Structure formats: C-alpha cells, structure tokens
Colleague: 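Submitted below is the structure of interest, expressed as structure tokens.
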Amino acid sequence: MAELTYYPICPVEDLPSGERLFIDLDDEPVVIFNLAGDYYAIADLCTHDMGSLGEGEVEGHQIICPRHGARFDIRTGEVLSLPAVRDVPAYPVRVVAGMVEIGVEE
Ligand code: FES
C-alpha cells in the first residue's frame, strides 16, 4: 500500500473559510477549499474536457464546472452529474501546527 506524505502548503490564515487556493502538485493543478473550516483538495481539471474546475461555483459540498456544468463532490472528487462521468482525484488535507498540509501517495 502506498505511503502518504504530507506537504505544508500555507498557514491557515491564508485560506479562510469560503476561500480556495490553487497550487501545483508535481505539475498537477490542484485546488484546496476551506468549506466552513473543513479543508478539501481535488484536481483542478474537469474529467469531462480537462477544463479548469476550481473557479466553478460552489453549492454546499458541490462544485459546478464553469464550462459545461458537471458537478463534483469537493469532499471526495466523486462525479455527480453529466457531462462528466469520471471522478476527479481527491487529496487528503490536514492542519498541523497552524499549517495546511496536503497528502500525496508515494
Ligand atoms: S469541461 Fe467540465 S463539464 Fe465540460
């Protein structure tokens, strides 16, 4: 089973509730969300047509792709509606000593 390694991203103050942060993780675009104090990270790449997903509107725990409207669960990356049919990768996020950290399988 792959080991999870956590990498520090930013102080918690830099990602307040309702905000999102775009990062590159090994050249993969990733967006990290703070949803009312809970942190989640998913790939910033819609599985329908590889559009940027992270700028989409957020409704509860769902994000709506700004290009054609596919919905994904921010907590899990699970696809919830067409035209996308495949999940987006999701990454574990934790806070340690005031730093937001993202976990990557290695
Ligand atoms: S690129 Fe996201 S729904 Fe088409």
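Note that this is a predicted model, so its numbers are computed, not measured. Both counts, for ligands and for their atoms, begin at 1 and track the order of listing.
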Colleague: Take atom CZ in R94; do more than 12 heavy atoms of anything else shown fall under 6.0 Å from it?
Modeller: yes
Colleague: Which ILVMFWY residues are connected to I64, directly or by a chain of links, through side-chain heavy atoms under 4.5 Å apart?
Modeller: none
Colleague: Everything protein-side that's N, O or S and under 2.8 Å from atom 4 (Fe) of ligand 1: list it, residue and atom.
Modeller: H48 ND1, H68 ND1
Colleague: For residues 23-38, which side-chain donor-acceptor pairs fall under 3.5 Å, sequence neighbours excluded?
Modeller:
{"from": "N34", "atom 1": "OD1", "to": "G37", "atom 2": "N", "distance (Å)": "2.7"}
{"from": "N34", "atom 1": "ND2", "to": "L15", "atom 2": "O", "distance (Å)": "2.8"}
{"from": "N34", "atom 1": "ND2", "to": "Y39", "atom 2": "OH", "distance (Å)": "3.4"}

Colleague: Sort and list the pairs that fulfil ring-ring contact (aromatic ring centres under 6.0 Å, His included) and have at least one residue in residues 65-85, not counting sequence neighbours.
Modeller: H48-H68
Colleague: Could you tell me whether E55 and R20 have a side-chain N and a carboxylate O separated by less than 4.0 Å?
Modeller: no
Colleague: Looking at side-chain heavy atoms only, is the closest gap between Q62 and E57 below 4.5 Å?
Modeller: no
